[in-house]
Structure formats: structure tokens, C-alpha cells
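This report concerns only the one structure given below.
A quick note: this is a predicted structure, and the numbers were derived from the prediction, not measured.
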Amino acid sequence: MTDATGATLTHTFDATPDAVFDAWTTPTLFSTWFGGSANEVPVDSVSIDARPGGTWMATMILGEEMPDLHWHGEYLEVQRPHRLVLTMTDESGDDREVLTADFVAIDSGTELRFSQTGGNLTPEQYGYAASGWHAAFKTLDKLLADSP
């Protein structure tokens, strides 16, 4: 669902909440799925300090025709393995989106309840963001399925 204030998605992973949480907080894993299968996130561009007040950054390479995106933000809440709340932007200044990821254990694995809010994007841009997150979560599915 998307509107003028954000996007909300739910995705089920065939993996434990610990494994899904770790994929969000381990640079080598994060770099594998964050850009989805269509974009590159070099692991040496990823920095993650997953603690309240800690920061994160990652560069997403979209292709020759598009500029690189230099994402960064701050962790607001870290409750391993149940919840992450962090900010996100690719701009300078104080306008940040807030990403909330709740990792809920279910019989078949983990249900991710995800939102991106902040009101800094148009409804159309939130639609694009939701599509990007959906692609990233599909890539994360594959990463987790291929993990021992």
C-alpha cells in the first residue's frame, strides 16, 4: 500500500527472524540484496553500525545512464531479532525517510512487516519505492534460500 505519507509491505521469508535480521545488519549480506537483482551495491561501500544512534551507508549503482545513489541514515531502534527502525536518505539535509522492519516469527519462517514513511516523496515516488523494496525482498528470499 502506498499513499502521500509512505509505503507499507508485508513479505514472508522461509528463514528465521535471526537470519532475516542478520541480512539487514551484516554488510556482506546487505550488499547482496539491498539493490535487488538489477542494481549493484559494492560491499566496500556498505558500513553498518546497528545500534541506536549508529549510522549506516551504502552506494547503489543503477547503471550507466543513472547516477549512483549514496544512501545513508541512522539507527533509531535496534531490537535483535525483532525490530529495526532507521532513517534513510540519498540527499544532504535533515529530510529523512523512516524505515521500520518488524521480523515476526511464524510457522513457515518470518513475516516482515515493513514501512517507509516520512512524507518526503510523492505518492508516485512511494509506489516506485515499494516496487524497489519488493524486488530487494525477492533477492533476499534467494539469498536466504541459498544459505546453509
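The shortest heavy-atom contact between V41 and S31 is O-CB, 3.2 Å. The shortest non-hydrogen separation linking P17 to G109 is CD-O, 4.3 Å. For the pair S45 and P42, the tightest heavy-atom approach, listed with the atom from each and the gap, is OG-O, 2.7 Å. When all heavy atoms are compared, the tightest approach of L140 to A23 is CD1-CB, 3.5 Å. The shortest non-hydrogen separation linking T110 to T16 is OG1-C, 3.0 Å. When all heavy atoms are compared, the tightest approach of Q116 to A129 is OE1-CB, 3.7 Å.
Using a 4.5 Å heavy-atom threshold, the side chains of R80 and D22 count as touching. When side chains are defined from C-beta on, W24 does not count as touching F34, because their heavy atoms never get closer than 4.5 Å. No side-chain heavy atom of W33 sits under 4.5 Å from any side-chain heavy atom of K142. The side-chain heavy atoms of D141 and L144, taken from C-beta on, include no pair separated by under 4.5 Å. Side-chain contact between F21 and V78 is present, with at least one heavy-atom pair separated by less than 4.5 Å. Within the 4.5 Å cutoff, no side-chain heavy atoms of H72 are placed close to those of T55. T100 has its side chain within reach of R83: a pair of non-hydrogen atoms, C-beta onward, lies under 4.5 Å apart. Using a 4.5 Å heavy-atom cutoff, the side chains of F103 and D18 are not in contact.
In terms of hydrophobic clustering, with Ile, Leu, Val, Met, Phe, Trp and Tyr side chains grouped at heavy-atom distances under 4.5 Å, I48 and L143 are assigned to a common cluster. Hydrophobic clustering, with ILVMFWY side chains joined whenever heavy atoms are under 4.5 angstrom apart, keeps Y75 apart from V98. One hydrophobic cluster, built from ILVMFWY side chains closer than 4.5 Å, holds both M88 and L84. A continuous path of ILVMFWY side-chain contacts below 4.5 Å connects M66 to L69, so both sit in one hydrophobic cluster. Residues L99 and L9 fall within the same hydrophobic cluster, defined by Ile, Leu, Val, Met, Phe, Trp and Tyr side chains chained together at heavy-atom separations under 4.5 Å.
Separating the OG1 atom in T10 from the CG atom in L112 is a distance of 7.5 Å, to the nearest 0.5 Å. For the atom pair CH2 of W133 and OG of S115, the computed distance is 10.5 Å after rounding to the nearest 0.5 Å.
Other residues, nucleotides and ligands contribute only 12 or fewer heavy atoms inside 6.0 Å of the CG atom of D14.
Listed for the Y126 side chain is no donor-acceptor partner under 3.5 Å among the backbone atoms of T117. Checking side-chain atoms of E97 against main-chain N and O of N120 turns up a donor-acceptor pair under 3.5 Å. With hydrogens and angles ignored, the 3.5 Å screen pairs no side-chain donor or acceptor of S37 with any backbone N or O of T139.
Classified by interplanar angle (parallel below 30°, tilted 30° to 60°, perpendicular above 60°), the ring pair H134/H11 is perpendicular.
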